[in-house]
Amino acid sequence: MSTRPWTPRDIRSDFPILDQMIGDRPLVYLDSAATSQKPRSVIEAMARFYERDNANVHRAVHTLAGRATEAYERAREALRRFIGARSASEIVFTRSTTGSLNLVAQAYARMRLRPGDEIVLTPLEHHANLLPWQRAARETGARLVYIEPTDDLRITEEAIDRAISPRTKIVALAHVSNVTGGVAPIAHAARRAHDVGAAIVVDAAQSAPHMPLDVQALDVDFLAFSAHKMLGPTGIGVLYAKHEHLLAMEPYEVGGEMIERVTLMEATWAAPPWKFEAGTPPIAEAVGWHAALDYLGALGMERVEAHVMRLTALAVEALSEEPGVTVYGPREGRHAVVTFNIGRIHAHDVSTVLDAEGIAVRAGHHCAQPLMTQLCIPAAVRASFYLYNDEEDVARLVEGVRRVKEFFGDVFGESVS
């Protein structure tokens, strides 16, 4: 798909929600790592489906069902192209990244793990890529092994090499940390995992929205991400898996849509990917996701990545120089998110004052409580950037941080530093 030149100001009008005031201030949306906003083309694609083509997919022969099935499977093919998979049969629709990772843990890993086997993780993982492996370890007698991050919370090739051993059976890593924005060396981790006969599982929830992905070049076994963080609707995710793994796996859920033949006593399953898609799938959401992929494709993922990294670097530099502000994670090479605290002010209080300034950020433990414990903090503020943000939004964030310090300095009668 050919790309077109663009700036955030050019495309801001494509996102109706951004054209509003919060109190008396224009909205600055800096929470895209939690969920992105949706362009009008995505909203209209879903509305069109419900107005013209709404029907259940597969098996029915009437016209609307045929249109719905075609649209659903076109979305699967669009996702195949987006990540460079060999076949659309390697693309399984799920409800979310979390659903995809649970599917791998239960339908693949749990059946293969034995007492003494090792699952390699990092302490930076989102709970969605931690809790399924805790449960798998508990149920099988496998052991969790953690890659040690650097002081600035990076995951290095050397640390991966130290953690992986002949006992390793699963390596599960976030491609991009949702707290630090640091990028893990996935291709290296995949090589090391395969050297010892292990499979690698990648949480790409924070990388798929911002960077080009090629699952064949990375040589990952499994990769999971969601639509709602990349301009698409909520309620739909995807699991990429190498075809040989899907053939060998048993379905995680059983019921309608995923069968080949059923008798009163037994059943056989459909071929991948359909044997993992029990029940009525998220059809309109797949249509919306396809529209989001078209939108991103027209902009160019390389340009999206460069834009987001530049804004992130500007924000890290500005906030790191601001007295009283602590920024967590690497100074360079990070994607989309800047996580910080201001003095001893609780992150929720910071977020509340920023909201009064029209600035939407996230505050809390960010589904990364082990990392918060390691940092000895209860919570942090996270600002996250996307293609509709620009330098003015970074400036508004820095101004907002200064307003927080002024506000709490007035409250306590002292400067925040």
Asker: Taking salt bridge (charged side-chain N to carboxylate O under 4.0 Å, His left out) as the test, write out the residues that go with D219, two or more places apart.
Answerer: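 By the salt bridge (charged side-chain N to carboxylate O under 4.0 Å, His left out) rule, D219 matches K242.
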Asker: Count the heavy atoms of every other residue, nucleotide or ligand shown that sit under 6.0 Å from CD of E148, and state whether that count exceeds 12.
Answerer: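 Atom CD in E148 is not packed in, count stays at 12 or less.
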Asker: Who pairs with S13 by side-chain hydrogen bond (donor to acceptor under 3.5 Å, both in side chains), at least two apart in sequence or on another chain?
Answerer: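 Residues passing side-chain hydrogen bond (donor to acceptor under 3.5 Å, both in side chains) with S13: none at all.
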Asker: Using side chain to side chain donor-acceptor pair (under 3.5 Å), reason through T35 and H228 one step at a time and then give a plain yes or no.
Answerer: CA-CA 6 Å; T35 197; H228 74 99; 2.9 Å; yes
Asker: Using the test salt bridge (charged side-chain N to carboxylate O under 4.0 Å, His left out), find all partners of R112 that sit at least two apart in sequence or belong to another chain.
Answerer: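 If we apply the salt bridge (charged side-chain N to carboxylate O under 4.0 Å, His left out) test to R112, skipping adjacent residues, there are no hits.
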Asker: For the pair D161 and H188, evaluate side chain to side chain donor-acceptor pair (under 3.5 Å) and give the outcome as yes or no after the intermediate values.
Answerer: CA-CA 9 Å; D161 292 345; H188 178 83; 2.8 Å; yes
Asker: For atom CZ of R396, decide whether the heavy atoms of other residues, nucleotides or ligands shown that lie under 6.0 angstrom number more than 12.
Answerer: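 Yes - once you tally the heavy atoms of other residues, nucleotides and ligands closer than 6.0 Å, there are more than 12.
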Asker: For the aromatic rings, using the six-membered ring if either is Trp, is the centroid distance between Y386 and H210 under 6.0 Å?
Answerer: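 Ring centres of H210 and Y386 closer than 6.0 Å.
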Asker: Do Q37 and S32 have a side chain donor and acceptor closer than 3.5 Å?
Answerer: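 Side chains of Q37 and S32: no pair found under 3.5 Å.
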Asker: Would you check if there is a donor-acceptor pair between the side chains of E285 and H290 at a distance under 3.5 Å?
Answerer: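 There is no such pair (donor and acceptor under 3.5 Å, judged by atom type) between the side chains of H290 and E285.
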Asker: Does any donor atom in the side chain of Y388 or D393 lie under 3.5 Å from an acceptor atom in the other side chain?
Answerer: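 Side chains of Y388 and D393: no pair found under 3.5 Å.
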Asker: Would you say T326 and N341 are linked by a side-chain donor-acceptor pair, where the criterion is simply a distance under 3.5 Å?
Answerer: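 There is no such pair (donor and acceptor under 3.5 Å, judged by atom type) between the side chains of N341 and T326.
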Asker: Without placing hydrogens or testing angles, list every side-chain donor-acceptor pair under 3.5 Å for residues 332-340, not counting sequence neighbours.
Answerer:
residue : atom : partner : partner atom : Å
R334    : NE   : T180    : O            : 3.0
R334    : NE   : V337    : O            : 3.2
R334    : NH1  : Y328    : O            : 3.2
R334    : NH1  : P330    : O            : 2.7
R334    : NH2  : T180    : O            : 2.9
R334    : NH2  : Y328    : O            : 3.1
R334    : NH2  : V337    : O            : 3.1
H335    : NE2  : E305    : OE2          : 3.1
T339    : OG1  : V179    : O            : 2.4

Asker: Can you sort out the partners of E90 under salt bridge (charged side-chain N to carboxylate O under 4.0 Å, His left out), two or more places apart, ordered by chain and number?
Answerer: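 Here the qualifying residues are R86.
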Asker: Restricting to salt bridge (charged side-chain N to carboxylate O under 4.0 Å, His left out), what partner residues turn up for E317, sequence neighbours left out?
Answerer: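 E317: no salt bridge (charged side-chain N to carboxylate O under 4.0 Å, His left out) contacts found.
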Asker: Before you tell me yes or no, could you show the steps for Y240 and F225 under ring pair (Phe, Tyr, Trp, His ring centres under 6.0 Å), namely the whole-Å CA-CA distance, both residues' side-chain angles and the distance that decides it to 0.1 Å?
Answerer: CA-CA 9 Å; Y240 158 79; F225 57 103; 9.5 Å; no
